[in-house]
Each structure stands twice: as structure tokens, then as C-alpha cells.
Amino acid sequence: MQLLEGKTVLITGASAGIGRAAAIGAARHGADVAINYLREDAAAASCVAEIEALGRRAIAVKGDVSDPATAADFVARAVDALGRVDVFVNNAGICPFHAFLDMPVETFERTMRVNLHGAYYMVQAAANQMVRQGQGGAIVAVSSISALVGGEFQTHYTPTKAGVHSLMQSAAIALGKHGIRCNSVLPGTILTEINRDDLADPAKRERMAARIPLGRLGEPDDLAGPIVFLASDLARYVTGAALLVDGGAFVNLQ
Ligand SMILES: NC(=O)C1=CN([C@@H]2O[C@H](COP(=O)(O)OP(=O)(O)OC[C@H]3O[C@@H](n4cnc5c(N)ncnc54)[C@H](OP(=O)(O)O)[C@@H]3O)[C@@H](O)[C@H]2O)C=CC1
Ligand SMILES: C[C@H](O)[C@@H]1OC(=O)[C@H](O)[C@@H]1O
């Protein structure tokens with residue numbers, strides 16, 4: 001069953017990791033896809049090629065989500081190329097691990113600007129396009145288990161993920177009257193570039209894996225299904241919700 005047949009999906013931060021898996025997952029379910037990315041031209045082009053090989057249309061638009069102008073540009077170029085916006089996935093994010101007491105101001109501010117401000121500008125631009133189209137839509141934000149729990153070296157990061165989760169709750173209220181649903185996914189620890197250095201320490205990696213009832217750290221593709229589901233009409237009465245995708249890590253106290 002193709003859950004996104006005939007839909008156009010926009011995804012930020014989709015040259016790699018979770019965003020890329022979601023982009024390809026959406027294409028497998030029949031969607032045309034526009035991806036945003038920051039630096040990796042070749043990776044973005046290969047994501048586009050993979051989507052086209054599935055028989056779907058795709059474009060890649062380079063831009064820094066922390067710049068408000070990027071949001072308007074991404075949506076406008078996606079509409080030019082693909083015609084409309086049915087689904088928006090806010091995924092781009094960074095997590096430069098650092099201790100709290102000597103957190104550099106630039107690291108704190110950059111993390112806030114990319115993860116939270118970027119989400120705000122992008123969700124707002126996508127929602128305005130959906131309202132103009134007048135046929136509703138679905139917005140899925142990639143928050144995190146870190147919206148609910150802390151991390152010693154993530155004091156700048158976890159508040160952004162709580163903020164994204166909260167943004168989806170308020171946007172669900174603001175946009176319900178337009179038929180636009182807003183939900184978040186809360187991934188646990190997923191093996192990507194964002195945590196490659198952090199998990200290079202075998203002891204930490206084992207400790208993280210040991211608390212997961214399903215017995216392994218996550219892979220980007222573990223997020224594709226939940227994101228496609230929330231984006232699809234199967235979830236037509238789901239809005240303001242948050243779906244943990246963590247192998248059970250959050251509920252595993254003892
Ligand atoms: N991996 C994990 O364990 C978890 C991740 N998450 C969240 O998932 C999301 C994706 O992370 P993940 O796939 O792991 O990370 P990756 O580092 O693998 O991918 C990050 C993606 O975001 C893009 N990106 C980074 N900064 C910007 C920016 N300023 N503007 C536009 N694009 C940008 C990158 O583009 P490029 O490479 O081209 O520069 C890349 O495509 C993040 O929001 C993260 O917080 C949540 C919970 C757990
Ligand atoms: C990057 C981390 O490994 C990852 O990011 C999150 O949001 C999770 O909480 C993990 O800590």
C-alpha cells in the first residue's frame with residue numbers, strides 16, 4: 001500500500017541520516033520529494049538520484065535553516081518544481097556535544113538557531129503554503145527522546161528538542177482550523193553522523209544500547225515508517241501527538 005501516493009513532501013536536513021531515510025521512505029510510498037540540506041552537495045544529489053530511481057520527482061535545495069530567508073526560498077522552489085506542499089518534515093538539526101559549565105556562547109546560540117529557530121521559520125513557511133492551497137496538510141517534526149530527558153553534554157540541545165515538541169503542540173492548535181495536522185517523532189539514539197564521535201567510545205555505546213529493550217541502537221530507517229505514517233491519511237485524526245521511536249529506551253527505568 002502506498003501511503004503518500006500523489007503527495008509532495010518537503011524535508012529539511014535530508015542529505016544524510018534520518019532526513020534522508022524519511023525522504024526515500026516517502027518516495028517509496030509514492031511521494032515526490034524536495035530536500036533541504038546545508039553542506040553536502042554530493043550526498044544531496046545522491047538522495048535525489050535514489051528518489052528518481054524509484055520513479056518519483058525530487059529536487060535538492062541548499063540552505064541554512066537558521067536563516068529565515070531559507071524557509072521562504074525552500075518552499076518557493078519546491079512549489080515551482082513540484083507544484084505544491086502536502087507534507088512538511090522538520091528534521092535538520094545539530095548536537096555539538098559539550099559540557100555545561102564552559103559552554104561557548106556561539107555553540108549554545110548556533111544550536112538554538114538551527115534546531116529551534118530554524119524549525120519555527122520552516123514550519124511557518126510550509127504552513128502558509130498549505131493554507132494558501134486550502135486543502136490541509138501534515139507537518140511532522142523530528143524532536144527527540146531528549147525532549148523528555150536530559151543529557152550531561154546536551155544542555156544546549158535538549159531544550160531545543162523540548163521546544164520543537166512544544167511547537168508542534170501549539171501549531172496543532174493554530175492550524176487545526178485549516179486541516180493541517182502537526183505531530184512529532186521522538187527518536188532515541190539513532191546511529192548517524194550527529195553522534196559518530198560520541199558513540200566512538202565503546203563503553204558509552206554499550207551503556208546506551210544496554211538500556212534499550214529491543215536490544216540495539218536505532219538506524220535512520222527506523223524513523224521512516226513512523227514519519228510516513230504520521231504524514232499519511234492513516235493518521236488523519238492524529239494531531240498534537242508525540243511518538244517515541246526509541247526501541248523502548250524511555251520507559252526502561254529498571
Ligand atoms: N541521531 C540521533 O540519535 C537522533 C537525532 N535526532 C534528530 O534528528 C535530526 C536529524 O539528525 P541525524 O539524522 O541524526 O543527523 P545527521 O548529522 O546525520 O544529518 C543532519 C542533516 O541536517 C542537515 N543540516 C545540519 N545543519 C543544517 C542547517 N543549519 N541547515 C540545513 N540543514 C542542516 C545536514 O546537512 P549537510 O550534511 O548537507 O550539512 C544533514 O542533512 C536532528 O534534528 C536531530 O536532533 C533526534 C533524536 C536522536
Ligand atoms: C545525538 C545524540 O546521540 C542523540 O540525539 C538525541 O536527540 C538523542 O537523545 C541522542 O542523545
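For ligands, and for the atoms within them, numbers begin at 1 and follow the listed sequence. Everything numeric in this text was worked out from a predicted model, so none of it was measured.
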- Message: Given Asp64, Leu38, Val142, identify the one with the heavy atom nearest to atom 24 (N) of ligand 1.
- Response: Leu38
- Query: So is Arg20 close enough to ligand 1, meaning a heavy atom under 4.0 angstrom away?
  - Reply: no
- Message: Suppose we measure from atom 1 (C) of ligand 2 to each protein heavy atom; which comes out shortest, and what is that distance?
- Response: Ile194 CG2, 3.5 Å
- Atom indices of ligand 1, in the order listed, that fall short of 4.0 Å to a heavy atom of Ala92: 22 (O), 32 (N), 33 (C), 43 (O)
- Message: Measuring from atom 41 (O) of ligand 1, which candidate in Ser15, Gly218, Ser66, Gly118 has the nearest non-hydrogen atom?
- Response: Ser15
- Message: Below 4.0 Å, non-hydrogen atoms only: which portion of Phe97 touches ligand 2? Side chain, backbone, both or neither.
- Response: side chain
- Query: Where is the nearest protein heavy atom to atom 42 (C) of ligand 1: which residue, which atom, and how far?
  - Reply: Asn91 O, 3.2 Å
- Contact between Gly93 and ligand 2, counting heavy atoms under 4.0 Å? no
- Message: So does Thr160 get a backbone contact from the side chain of Asn115, meaning a donor-acceptor N/O pair under 3.5 Å?
- Response: no
- Message: side chain to side chain contact (heavy atoms under 4.5 Å, CB included) for Val89 and Ile227? Distances and angles first, verdict last.
- Response: CA-CA 8 Å; Val89 181; Ile227 290 171; 3.9 Å; yes
- protein heavy-atom neighbour closest to atom 11 (O) of ligand 2 works out as Gln154 NE2, 3.0 Å
- Task: State if Pro220 counts as touching ligand 1 under the rule of any non-hydrogen atom under 4.0 Å.
- Result: no
- Okay, side chain of His29, backbone of Leu3: is any donor-acceptor separation there less than 3.5 Å? yes
- Item | Contact check, Ser143 vs ligand 1, heavy-atom distance below 4.0 Å | yes
- Top protein contact for atom 8 (C) of ligand 2, by heavy-atom distance: Ser146 OG, 3.5 Å
- Salt-bridge contact Arg84-Asp86 (side-chain N to carboxylate O under 4.0 Å): yes
- Which of the ligand 1 atoms, numbered from 1, are nearer than 4.0 Å to a heavy atom of Ile94: 26 (N)
- Message: Which option wins on minimum heavy-atom distance to atom 16 (P) of ligand 1: Asp198, Thr70, Thr192?
- Response: Thr192
- Note on the structure: In ligand 2, the atoms that come under 4.0 Å of a heavy atom of Ile145 are 9 (O)
- State whether the side chain of Thr111 and the backbone N or O of Tyr157 hold a donor-acceptor pair below 3.5 Å, judged by distance alone. no
- Please state whether Glu219 comes within less than 4.0 angstrom of ligand 1, counting heavy atoms only. no
- Note on the structure: For atom 20 (C) of ligand 1, the closest protein heavy atom turns out to be Gly93 O, 4.1 Å
- Examine the side chains of Ser46 and Arg20 and answer whether a donor and an acceptor come within less than 3.5 Å of each other. yes
- Item | Distance from atom 39 (O) of ligand 1 to nearest protein heavy atom, with residue and atom | Arg39 N, 3.0 Å
- Residue-ligand contact Thr189/ligand 1, heavy atom below 4.0 Å: yes
- Which protein non-hydrogen atom lies closest to atom 5 (O) of ligand 2, naming both residue and atom, and how far is it? Tyr157 OH, 3.3 Å
- Message: Just to confirm my output: which protein heavy-atom neighbour is closest to atom 10 (C) of ligand 2, and how far is it?
- Response: Thr189 OG1, 3.8 Å
- Query: Among protein heavy atoms, which lies nearest atom 13 (O) of ligand 1, and at what distance?
  - Reply: Ile18 N, 2.8 Å
- Check each heavy atom of Leu186 against ligand 1 and say whether those closer than 4.0 Å belong to the side chain, the backbone, both or neither. neither
- Message: With a 4.0 Å cut-off on heavy atoms, is Cys95 in contact with ligand 1?
- Response: no
